[in-house]
Asks: 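Handing you a structure now.
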Amino acid sequence: MRLGSANPSTHYRYSLLLMRPGRDAEAAARHARRAVELDPERPLYWLAQAQAEMQLSRWDAARASLEHMRARAEEPLLVEQVRVELAEIDRRREQQLRPPPRPAPPAVVVAAAAPPAPEPASSPVRLSASSPPRPQPWPPPGTLTFWGYVRGVECSADQKVLTVSNSRFSVRVRERPGAPARLVSPPAKARRIPCSLKDVEVNVVYRPAADFGPLNGELVAVLF
């Protein structure tokens, strides 16, 4: 970026980096828009722009980006992802408009008089209040979510390949040993994906491959 790259893929990947917690969502949206300007026919660039707009609560702009994505998506999985993202916009928008819960009235407590506390030998140490951690966006920016059943896990020394399908689609996603997927509510509290896993209902979150070939992308998380 410092060298003034005009490569749309570079702006796209940089926008995904900037959408991570603690980064600059405004800059992420700006670079996603730049990727779209340089190559408007790539559906994933429109998806990144929509996700950046969602982080900024620009719901109409995010919806418009998804409609552009739908018009250019030839892969059925990307068309399905548009539906998933539109539902997520409605969920976040409703959550934002929902009034905060009213706090309960304070309880009246009558306390007995306590004896005076002894003077401390030294002044107490004051702990500085730290700000709460910033919530991480989910699913992670630049990822796709797919629901189905695990049909098999192909295990080898350098990767695991999950085949997940439902009545309409099927995906094959790869997990590398150096980048294990996050497992949410796994069976038997497993820490890694078992090679024997089969016929289990899951949601898989993955980063799509640039070109749709034998593998659809890199696995990020599995929600059981």
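Count residues from 1 along the sequence.
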Asks: Answer yes or no: are there more than 12 heavy-atom neighbours, outside Q96 itself, under 6.0 Å from its atom CD?
Replies: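 More than 12 heavy atoms, drawn from other residues, nucleotides or ligands, come within 6.0 Å of this atom.
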
Asks: Can you name the residues that form a salt bridge (Lys or Arg N to Asp or Glu O under 4.0 Å) with E41, not counting sequence neighbours?
Replies: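 Applying salt bridge (Lys or Arg N to Asp or Glu O under 4.0 Å) to E41 gives R72.
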
Asks: Tell me the closest heavy-atom pair linking F224 and P186, and the distance in Å.
Replies: CD1-CA, 3.5 Å

Asks: Does any part of the side chain of F146, heavy atoms only, come nearer than 4.5 Å to the side chain of V84, both counted from C-beta?
Replies: no

Asks: Do the side chains of P140 and V205 get nearer than 4.5 Å, heavy atoms only?
Replies: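 Sidechains of P140 and V205: in contact.
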
Asks: Other hydrophobic cluster members with Y149, side-chain heavy atoms of Ile/Leu/Val/Met/Phe/Trp/Tyr under 4.5 Å, chained?
Replies: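 Via sub-4.5 Å side-chain contacts, Y149 links to W147.
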
Asks: Which atom names give the shortest non-hydrogen contact between V173 and N216, and what distance separates them?
Replies: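 Taking every non-hydrogen atom into account, CG1-CB, 4.5 Å.
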
Asks: Indicate the atoms forming the closest heavy-atom contact of A190 with L183, along with that distance.
Replies: O-CD1, 3.6 Å

Asks: Residues two or more places apart in sequence or in another chain: which of them pass side-chain contact (heavy atoms from CB on, under 4.5 Å) with R63?
Replies: L86, I89, D90

Asks: Of all heavy-atom pairs between A73 and V79, which one has the smallest distance, and what is that distance?
Replies: O-CG2, 3.7 Å

Asks: Okay, side chain of H11, backbone of S5: is any donor-acceptor separation there less than 3.5 Å?
Replies: yes

Asks: Could you pull out all residues at least two apart from S9 that satisfy side-chain hydrogen bond (donor to acceptor under 3.5 Å, both in side chains)?
Replies: none

Asks: Taking atom CG of L44 and atom CG of L144, what is their separation to the nearest 0.5 Å?
Replies: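 Interatomic distance, L44 CG to L144 CG, rounded to 0.5 Å: 6.5 Å.
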
Asks: Just to verify, what does N203 make a side-chain hydrogen bond (donor to acceptor under 3.5 Å, both in side chains) with, not counting sequence neighbours?
Replies: none

Asks: Please enumerate all residues that pass side-chain contact (heavy atoms from CB on, under 4.5 Å) together with T163, with sequence neighbours excluded.
Replies: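 Once residues adjacent in sequence are excluded, the partners of T163 under the side-chain contact (heavy atoms from CB on, under 4.5 Å) criterion are R151, E154, S170, R172.
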
Asks: Just wondering, do D60 and R93 contact through their side chains at under 4.5 Å, heavy atoms?
Replies: yes

Asks: With sequence neighbours left out, what residues match R83 under salt bridge (Lys or Arg N to Asp or Glu O under 4.0 Å)?
Replies: E80

Asks: Are any of the side-chain nitrogens in R58 or E26 under 4.0 Å away from the carboxylate oxygens of its partner?
Replies: yes

Asks: Restricting to salt bridge (Lys or Arg N to Asp or Glu O under 4.0 Å), what partner residues turn up for E37, sequence neighbours left out?
Replies: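 In terms of salt bridge (Lys or Arg N to Asp or Glu O under 4.0 Å), with neighbours along the sequence ignored, E37 is linked to R34.
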
Asks: How does the hydrophobic cluster around Y14 look, that is, which other residues are in it when side-chain heavy atoms under 4.5 Å mark a link?
Replies: M1, L17, L18

Asks: Checking E175 side chain against L219 main chain: does a donor-acceptor pair fall under 3.5 Å?
Replies: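 Judged by distance alone, no pair lies under 3.5 Å.
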
Asks: What heavy-atom pair brings D39 and Y45 nearest, and what distance separates the two atoms?
Replies: O-CD1, 3.5 Å

Asks: Does Q49 have any side-chain hydrogen bond (donor to acceptor under 3.5 Å, both in side chains) partners at least two apart in sequence or in another chain, and if so, which?
Replies: S65

Asks: Measure the shortest side-chain to side-chain distance between R42 and P8 over non-hydrogen atoms and say whether it is less than 4.5 angstrom.
Replies: no

Asks: Measuring from atom CZ of R30 to atom OG of S15, what distance do you get when rounded to the nearest 0.5 angstrom?
Replies: 11.5 Å

Asks: Between L162 and Y206, is there a side-chain heavy-atom distance shorter than 4.5 Å?
Replies: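 The answer is no; the side chains never approach within 4.5 Å.
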
Asks: Does the side chain of Q55 come within less than 4.5 Å of P141's, by heavy atoms?
Replies: yes

Asks: If you measure from CD on E218 to CZ on R174, what distance do you get to the nearest 0.5 Å?
Replies: 4.0 Å

Asks: Are V184 and V220 in one and the same hydrophobic cluster, where Ile, Leu, Val, Met, Phe, Trp and Tyr link if side-chain heavy atoms are under 4.5 Å apart?
Replies: yes

Asks: Could you grab the distance from atom CD of Q51 to atom CG of L66, nearest 0.5 Å is fine?
Replies: 8.5 Å

Asks: Can you tell if the side chain of L78 reaches within under 4.5 Å of the side chain of L47, non-hydrogen atoms only?
Replies: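 They are not in contact (no side-chain heavy atoms under 4.5 Å apart), so the answer is no.
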
Asks: For E88, give me all partners under salt bridge (Lys or Arg N to Asp or Glu O under 4.0 Å), at least two apart in sequence or on another chain.
Replies: R91, R92

Asks: Suppose we screen for side-chain contact (heavy atoms from CB on, under 4.5 Å). Which residues come up paired with P177, at least two apart in sequence or across chains?
Replies: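 Listed in chain order: nothing, the list is empty.
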
Asks: State, to 0.1 Å, how close I193 and K160 come at their nearest heavy-atom pair, and which atoms those are.
Replies: O-NZ, 2.5 Å

